[in-house]
Protein chains: 2
Amino acid sequence: MKTADPELMRAINRFNVLDTIRRHGPISRVEISERSELSTTTVSAITGALLDDGLILTRHEGDLRNAAARGRPRVMLELNPDAARVVGAKIAAHSMVFVVTNFCGEVLSQLILPIRVNRQSIAVIADLIEDGVRRCVVDAGLSLGDVDSICIGLPGVVEHRTGIVRSSPIFRETDVDFASEMTSRLNVPTILESDAHAIALAHHWFGKARDLDDMVLVSLEQTLGLGVLHHGQLFRGAGGLSHNLGDLVLGIGPKDIVRLSALAGESAILGDRPDGGGRLAEAMRLGRGMALAQTLIAAEDNTLIAAATSAGEAVGLAVANIVTLFGPPRVIIVGSSLSLGAVFLDSLREAYRRAIPSSIQTVAELVFDESADETWAQGAAVVALCELYESPWGTTGPAPAL
Amino acid sequence: MKTADPELMRAINRFNVLDTIRRHGPISRVEISERSELSTTTVSAITGALLDDGLILTRHEGDLRNAAARGRPRVMLELNPDAARVVGAKIAAHSMVFVVTNFCGEVLSQLILPIRVNRQSIAVIADLIEDGVRRCVVDAGLSLGDVDSICIGLPGVVEHRTGIVRSSPIFRETDVDFASEMTSRLNVPTILESDAHAIALAHHWFGKARDLDDMVLVSLEQTLGLGVLHHGQLFRGAGGLSHNLGDLVLGIGPKDIVRLSALAGESAILGDRPDGGGRLAEAMRLGRGMALAQTLIAAEDNTLIAAATSAGEAVGLAVANIVTLFGPPRVIIVGSSLSLGAVFLDSLREAYRRAIPSSIQTVAELVFDESADETWAQGAAVVALCELYESPWGTTGPAPAL
DNA sequence: CCAATTTTTCCCCAATGCGGATTAATTCAA
DNA sequence: TTGAATTAATCCGCATTGGGGAAAAATTGG
């Protein structure tokens, strides 16, 4: 258990104030005090320190109170966008996306590399990522020295705490200490996170969960991932494991176990087609599988429609089970499989409707979101920013260890 | 978000010290200091306050160091068993169990009432519980005034935070504010908890999870429940909901959804028998169903063996899915269904073995436990004690509000 | 009986958050 | 233009916390 010294107290309140400023745009000290339930004195002290550290800025306008406001006008505070820069990356089987963001999480530059990293050696993948990071940083008009932190989002089972990739569809090996590898290559603190966790946090900051501190996100990419937000924080299982949704068992067939990934994984939907496999296989290899599938479904490709339908059904059941376990007010479903379109979605919704127990029917709402590629990378950047927000920084406090 | 004042800091450290003393028996101040990473000065101050408050006792013996220990001997500290008394209750369909425990959670008296409360009105159930609590307290040689807190463990979906029973197989109504009802009846602070959460905490304090701060417990009673311990605390979903495992979907049949409760619920295993239903139905009504089932299985009742087998299979799959999601180091499985014996257990283990993904095959170990009835009630008592431990109490601090 | 050793406490310090008084910056009315 | 009213932000002093180092306490070994 963590010992509670004044330093911790400080860190907690400091983080709360900073987070309040981030969430509620330009905001006055009084309002921070109301929202955070800290006294105005304390807020003043903390914002003073944050100003000294250059993490926030004052702005003498934008007071939105009743125009007939008497008295001393409020000074609005907002994040200093230039207080830090981070790099976020999303590595998928057929593409890599990089973004550089400022302290607010706003994208300064982005780089999409449609490169197949699938099953390359670790060294090659690390090379490609290193290159992508460096290029994206240069595109933003910066150098690596200006970057405070890097976060790489990966599919699979990623141990955030230790920076080890337990297993990932894009790695041949397991238990790879990839965070250390990238940190020493780039000479910038680099952390890892599951791609599902990254996009979940992106939705909490910018997307469809801005208003919620509890929610669940299901990502349907090559790998099926899960992100659980609990009291505003990512719920990382014991030891910081991410969740690997594809391994969920949906039923037990006559001969073997039926897993979710076997019904709803990208390769399950698109692969193993008796006819016309050539084009689709080729598209899949290039990461364009879902786009082509959309076209084929529009052309009433019955094999594919059947696959999409059963995939939707499987995901609907899995989501219902997750809602049963976690009872979140909202479930956000993202990922490339959404582009399969109505066939998939209707099937998913219908299966969910049937599977969700009536007692919690109204608890959760389903939300679908087809995020752009860079949103995923932005999510990774947010993971990095979160750590910066919590770090001690600054002028005050005993050890400004940086 | 909670504001971090000195009071909170105090509360955290105080709780840590108290919890360390509870867990590690008679223990010296130095050792507390080592374990909690607080300075000896702070430990001394806190233990001083705890001694003043009468929550702990000194003992001038039992120093287990090297006998040839020089210097001032350590003074051992331990919980004061008489610092408080709580009542824990477990309400099931066919029986109620009450215990009175001391501050250590040791049972002072217990009362088992084999009464069917199933589907009685709320008022009648409340009457029965009130009576049970009063009797059990008297049995312990106490009066209600000596009781500091009461916790009632119930099957179903229980909102601990608000004290509302969302749905329970023993209640006809839903959304019952049962905590208020019992508090006003007994005039002692009364809280609720799901029975699965209660037994999970009991295992953390006294049972098979003493050594772990992360684990999952699956309870197989009339209702199928889940308790998740995360960093030493019960993981309560958003809003403090308990989990209702029985609603999990295991597959989708040709005509309808197949839920876990339909395969592994008590009534699913024992009910709907074409032959010999009379005796079993009668036994079930009296809550002796599982005991009789054990006998029948030993006598090679094939219908029942089949039911137990498929129930085990279903639970095995569900447990595998839960391990996939939470990745706990240990899963404890408890509940009356365990008494079905090897048929059930072997089937469960085999299904689990088949269903658990190979990547996390070694993460979790399965442990089975047939706890006595009073252990469940003791778990409820522990829930009550946990709240007492966290409450401010005492001589120090600004407001000794009691 | 004294030295050595170990535990526990005492004294003082730095840091924190808070309450009340004070200062700052503005609007409104005369 | 000036002063009163009003609201925001800060300053000062207080209580509380935990921590470090010195001192006291309680033993054992010679």
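All figures in this text were calculated on a predicted structure; none of them were measured in a lab. We name chains A, B, ... by the order of the sequence lines, and we start the count at 1 in each one. Note: hydrogens, waters and symmetry copies are ignored here, and every other heavy atom, side chains too, is used.
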Using atom types as modelled, flag every donor-acceptor pair under 3.5 Å from a side chain in residues 200-208 of chain A to any protein atom, sequence neighbours excluded.
unit_1, atom_1, unit_2, atom_2, d
H203(A), ND1, K208(A), N, 3.1
H203(A), NE2, D369(A), OD2, 3.3
H204(A), NE2, L212(A), O, 3.1
H204(A), NE2, D213(A), OD1, 3.2
K208(A), NZ, F368(A), O, 3.3
K208(A), NZ, D369(A), OD1, 3.0

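- Judged by atom type and distance alone, R72(B) reaches the base of dT7(C) through a side-chain donor-acceptor pair under 3.5 Å.
- Between T101(B) and L385(B), the shortest heavy-atom distance links the atoms OG1-CD1, 4.1 Å.
- Side-chain polar atoms of T183(B) and S180(B) form no donor-acceptor pair below 3.5 angstrom.
- Residue E31(B) is the one, among D5(B) and E31(B), whose nearest nucleotide of DNA chain C lies closer to the 5' end (criterion: closest heavy atom).
- The nearest pair of heavy atoms linking E78(A) to P26(A) is OE1-CG, 3.8 Å.
- Of the candidates dT16(C), dT10(D), dT8(C), the closest approach to any side-chain atom of M9(A) belongs to dT16(C).
- Looking at heavy-atom distances under 4.0 Å, A4(B) makes contact with sugar-phosphate atoms alone, never a base.
- A straight line from CZ of R10(B) to P of dC18(C) spans 18 Å, rounded to a whole angstrom.
- The P6(A) side chain lies nearest to dG18(D) when the options are dG18(D), dT27(D), dT10(D).
- Of the candidate nucleotides dT8(C), dT27(D), dT26(C), dT27(D) has the atom nearest to the side chain of P73(B).
- In this structure, E34(B) places its CD atom 13 Å from P of dT6(C), rounding to the nearest Å.
- Following rounding to the nearest Å, I27(B) (CD1) and dT7(C) (P) show an atom-to-atom distance of 13 Å.
- Using a 4.0 Å cut-off, no side-chain N or O of T42(A) falls inside it from OP1 or OP2 of dG17(C).
- Here the C1' atom of nucleotide dT9(C) and the CD1 atom of I46(B) are 15 Å apart, to the nearest Å.
- Atom CE of M76(B) and atom C1' of dT8(C) are 15 Å apart (whole Å).
- Between R29(A) and dA8(D), a side-chain N or O to OP1/OP2 separation shorter than 4.0 Å is absent.
- Among the nucleotides dC10(C), dT6(D), dT26(C), the one closest to the side chain of R70(A) is dT6(D).
- Ranking dT8(C), dT16(C), dT9(C) by closeness to the R74(B) side chain, first place goes to dT8(C).
- A straight line from CG of L77(B) to P of dT7(C) spans 13 Å, rounded to a whole angstrom.
- Within the nucleic acid shown, V43(A) has no heavy atom closer than 4.0 Å to any nucleic acid atom.
- With values rounded to the nearest 0.5 angstrom, I164(A) atom CD1 is found 9.5 Å from L192(A) atom CG.
- Listed candidates were dG17(C), dC11(C), dT8(C). Nearest to the side chain of T41(B) is dC11(C).
- In this structure, CD of E37(B) is placed 15 Å from C1' of dG19(D), rounded to the nearest angstrom.
- Taking atom CG of residue N13(B) and atom P of nucleotide dG19(D), one finds them 7 Å apart after rounding to whole Å.
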